[in-house]
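Below, chain A is the first sequence line, B the second, and so on; all start at residue 1. In this text, all values refer to a predicted model and were calculated from it rather than measured experimentally.
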Amino acid sequence: MARRIVLSSDRDEPSGSTEDLTIEYAEALNEQQYAAATAGKGPLLIVAGAGTGKTRTLIYRLAYLVETGTRPQQIVLLTFTRRAANDMTARASNLLDGRCEKVRGGTFHAFCLEVLRQHAEALGFPRNFTVLDAADAADVLSVIRTRGEYGDGEERFPQKNTLYSMFSSATNRDETLGETITKRYPQFTSLHAELKALRDAYRRYKKEHGLMDFDDLLERTLELLETDDDVRHQVASRCRHVLVDEYQDTNALQAELVKKFSSVHGNVTVVGDDAQSIYKFRGADFRNIFRFPDEFDDTEVVKLEHNYRSTQPILDLANRVIEQAERSYDKTLFTEKTEGELPALVPAADGDMEARFVAEMVLRLREDGVPLSDVAVLFRSSHNAYDLEVELNQRNIPFVKYGGMKLNEAAHIKDVLAHLKVVENPQDAASWNRALQLIHGIGPKTAQSLIEWTTEAAEDPLTLGDGAPFSDRYAARLKQLFSTLRHVRSDDTSVTEQVEAILDYYQPLFENKYADDHPKRAPDLEHLAGLAANHESRQRFLSSLTLDPIELTALDQETGEDDEPPLVLSTIHSAKGLEFHTVFLIRALDGTIPSRHALREPGGVDEELRLFYVAVTRAEEGLFISYPMTQYRRGQGEYMTTPSRFVEDLPDDVLEPVQLVEEDAVDENAPDAPEGGDTLPSSRNGEAPAPPESTRDDGPPDDPADADGLPF
DNA sequence: GATATCCCTATTTTT
DNA sequence: TAGGGATATC
């Protein structure tokens with residue numbers, strides 16, 4: 001263990017002087033926000049309800065810390081997405097002449113990655129280790145499973161994705177594998193020993209080949225900081241202030257990391273709202289936030305309750321929603337925006353009609369001056385938006401979808417990235433596997449022996465030694481592959497050139513592999529090359545893609561300079577922390593939200609309820625909760641749905657029912673026959689869904705008389 | 001040993 | 001509805 005020489009840090013000690021502050025904190029913030037932003041040293045817990053200016057407070061705190069002498073490089077801001085981190089540092093920089101840009105920050109995973117790149121060797125990993133995303137990790141598990149003949153028994157052995165979630169679940173909840181299996185995967189209890197062996201094999205494999213999955217980033221960092229006190233001291237010394245956003249969604253591992261990061265200076269600020277904890281599946285526990293004062297002595301607690309986002313009617317609904325929870329949440333949000341439209345509950349005949357309703361309303365809002373980008377459509381899970389996506393495409397309404405397919409999850413992108421990864425880390429057997437099997441004539445077996453050849457026999461893994469086990473069938477391609485890779489490796493190629501070189505090589509393989517739809521996929525490859533230009537190194541490019549994935553639809557849209565900012569479609573999870581003028585919550589069905597899967601888990605319904613609460617509290621002025629009354633399922637055809645239990649018992653003066661009427665439909669009340677063909681898209685142009693907002697304050701709001709001529 | 005084809009099944013949320 | 005497993009064919 002290295003000898004430690006402690007340098008006096010007086011030089012760095014923040015002055016703490018409040019004499020020459022350039023920002024009028026007391027004027028910009030309310031009393032509690034001010035207290036939070038300007039709190040002194042030590043642990044600080046900010047319990048902030050939805051829309052209470054939590055982000056604003058955090059930004060001012062950043063600025064305050066910098067103004068009172070803390071160097072920005074010594075502040076660590078941990079957030080849930082990189083977008084949130086960039087957003088906050090940018091806003092803080094605006095307040096303070098750019099100084100806050102140097103604040104370090106990002107997600108837990110990204111920050112841990114930074115630490116690990118520095119110290120990986122101490123853990124027996126190479127510094128250029130590869131980060132596996134969930135799909136990569138599952139692929140690795142699949143390879144190991146097949147090789148080790150784990151599933152040879154009679155019982156069904158879990159699939160690769162299940163294996164990954166199982167192991168990940170154990171890590172994130174800080175449980176033993178046995179506990180996780182008993183609690184969450186009881187059907188595999190009899191396989192416990194085999195699963196344990198498989199997990200050990202997976203761990204060994206990752207270490208041998210320089211691979212880390214998402215969980216490793218957290219777990220290995222913690223291991224590093226726990227076992228090597230010099231490293232811990234070194235890392236924590238650089239964290240004079242640690243700020244954590246969305247603390248209610250941290251899990252046991254992350255809470256422990258926060259402790260370690262702040263173990264030298266003891267300055268931690270965490271912000272969160274227990275009623276908005278929605279990441280239980282990742283091991284988050286809303287009670288974490290209340291444990292904070294027990295974990296950190298002398299915690300100062302500040303509560304923010306004044307809501308600046310929503311109108312009173314929306315808050316009333318939010319309060320009624322959260323009241324339904326088993327556990328009571330101590331929420332007393334209040335606002336001064338007492339006026340406002342009632343949130344509306346909108347049943348639609350079917351998913352198609354629901355989509356038309358939303359599209360129509362979005363256009364009306366735009367005519368009334370609400371920009372598309374200030375409107376969001378939220379849903380429980382990604383596929384809930386399919387109908388709407390089709391509708392929006394037909395009407396040429398630009399949108400971005402968050403929480404759908406990510407660019408780097410698309411198979412063709414993974415193919416290209418595998419080649420880059422192999423150059424970056426030639427031990428990365430998982431990527432070799434992928435790259436090699438693209439070549440016609442190379443399957444799992446040949447790939448395996450080739451990998452052994454390159455990584456063991458040759459001194460340079462990117463050359464093929466004589467006598468490598470290859471046959472003429474694919475020899476030419478293989479040589480081409482290796483020369484491409486060597487070119488990519490050479491020092492003077494930019495990341496863009498590297499990607500281009502791989503694309504040239506990949507093109508014929510690509511067209512062969514995706515014979516039916518490669519023209520559709522091709523633009524993504526171009527985008528990838530474009531993205532590469534923004535990155536200074538291959539390694540950074542790769543990790544930024546895995547840790548901060550790009551939404552596929554964001555690229556479809558090709559947002560040019562003067563294009564209209566698009567409508568936002570988002571899973572509720574991905575909408576966390578955002579706000580919009582008007583929110584549509586679609587597919588509010590029992591079985592969707594709450595999800596059918598959640599009903600089986602203890603505490604599952606409450607978690608879904610919090611999710612619902614998050615959705616509702618995103619809205620500033622307008623809120624429409626809609627659902628289709630019938631749905632189609634493969635086997636059964638159409639069937640009647642049940643509205644979400646969360647809206648069922650709400651009185652009309654909290655959530656106002658609205659009836660949708662087709663403009664040119666014959667006066668037909670409820671389409672109770674499953675085959676009711678009259679609502680199907682017989683006419684694309686004439687329908688008039690909900691009456692405009694204005695008719696909704698007086699009496700039954702179902703008169704479509706004022707449905708104006710529609711501009712399409 | 002690689003690949004083409006067919007059938008079955010499970011189906012949330014994210015770093 | 002796609003992705004995985006099993007089977008048949010090259």
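When ring centroids are compared, A/Tyr474 and A/His440 stay outside the 6.0 Å threshold.
Using a 4.0 Å heavy-atom distance criterion, A/Ser382 is classed as a sugar-phosphate-only contact. Residue A/Phe108 is classed as having no contact, given no heavy-atom separation below 4.0 Å to the nucleic acid. If you check every strand for non-hydrogen atoms under 4.0 Å, A/Ile442 touches sugar and phosphate atoms only. Residue A/Lys160 is in sugar-phosphate contact alone, with no base atom involved, counting any heavy-atom pair closer than 4.0 Å across all strands shown. Note on A/Thr546: nothing from the nucleic acid sits closer than 4.0 angstrom, heavy atoms only.
Ion pairing between A/Glu648 and A/Arg645 fails under the 4.0 Å rule for side-chain N and carboxylate O.
Following rounding to the nearest Å, A/His573 (NE2) and B/dT13 (P) show an atom-to-atom distance of 9 Å. The separation between A/Tyr402 atom OH and B/dT15 atom C1' is 17 Å, rounded to whole Å. Protein atom CD1 of A/Ile572 is 15 Å distant from nucleotide atom P of B/dT12, rounded to whole Å. Per the geometry, CZ belonging to A/Arg184 stands 16 Å off P belonging to B/dT12, to the nearest Å. When rounded to the nearest whole Å, the span between CD1 of A/Ile593 and C1' of B/dT13 equals 10 Å. Separating the NZ atom of A/Lys513 from the C1' atom of B/dA2 is a distance of 15 Å, rounded to the nearest angstrom. B/dT13 atom P lies 14 Å from atom CG of A/Leu378, rounded to whole Å. In this structure, NZ of A/Lys401 is placed 14 Å from P of B/dT12, rounded to the nearest angstrom.
Phosphate proximity of C/dG5 to A/Arg145: present, with a side-chain N or O under 4.0 Å from OP1 or OP2. Between A/Ser574 and B/dT14 there is a side-chain polar atom (N or O) within less than 4.0 angstrom of OP1 or OP2.
Ring planes of A/Tyr205 and A/His209: tilted class, angle from 30 to 60°. Classified by interplanar angle (parallel below 30°, tilted 30° to 60°, perpendicular above 60°), the ring pair A/Phe510/A/His412 is tilted. Aromatic ring pairs are classed by plane angle as parallel below 30°, tilted from 30° to 60° and perpendicular above 60°; the pair A/Phe482 and A/Trp432 is parallel.
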Item to check | A/Tyr279/A/Phe80 under ring-ring contact (aromatic ring centres under 6.0 Å, His included): CA gap, chis, key distance, verdict | outcome: CA-CA 11 Å; A/Tyr279 278 90; A/Phe80 233 68; 4.9 Å; yes
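The nucleotide whose nearest atom lies closest to any side-chain atom of A/Lys406 is, among B/dG1, B/dT15, B/dT12, B/dT15. Here the nucleotide nearest the side chain of A/Lys445, chosen from B/dT14, B/dT13, B/dG1, is B/dG1. Side chain of A/Thr571, nearest nucleotide from B/dT15, B/dT14, B/dA2: B/dT14.
With DNA chain B read from its 5' end, the first of the two nearest nucleotides for A/Ala447 and A/His383 is the one closest to A/Ala447. Each of A/Pro549 and A/His440 was assigned the nucleotide of DNA chain B with the nearest heavy atom; the assignment lying further toward the 5' end belongs to A/His440.
By the criterion of a centre-to-centre distance under 5.5 Å and near-parallel planes under 30°, the ring of A/Phe281 forms no stack with the base of B/dT12.
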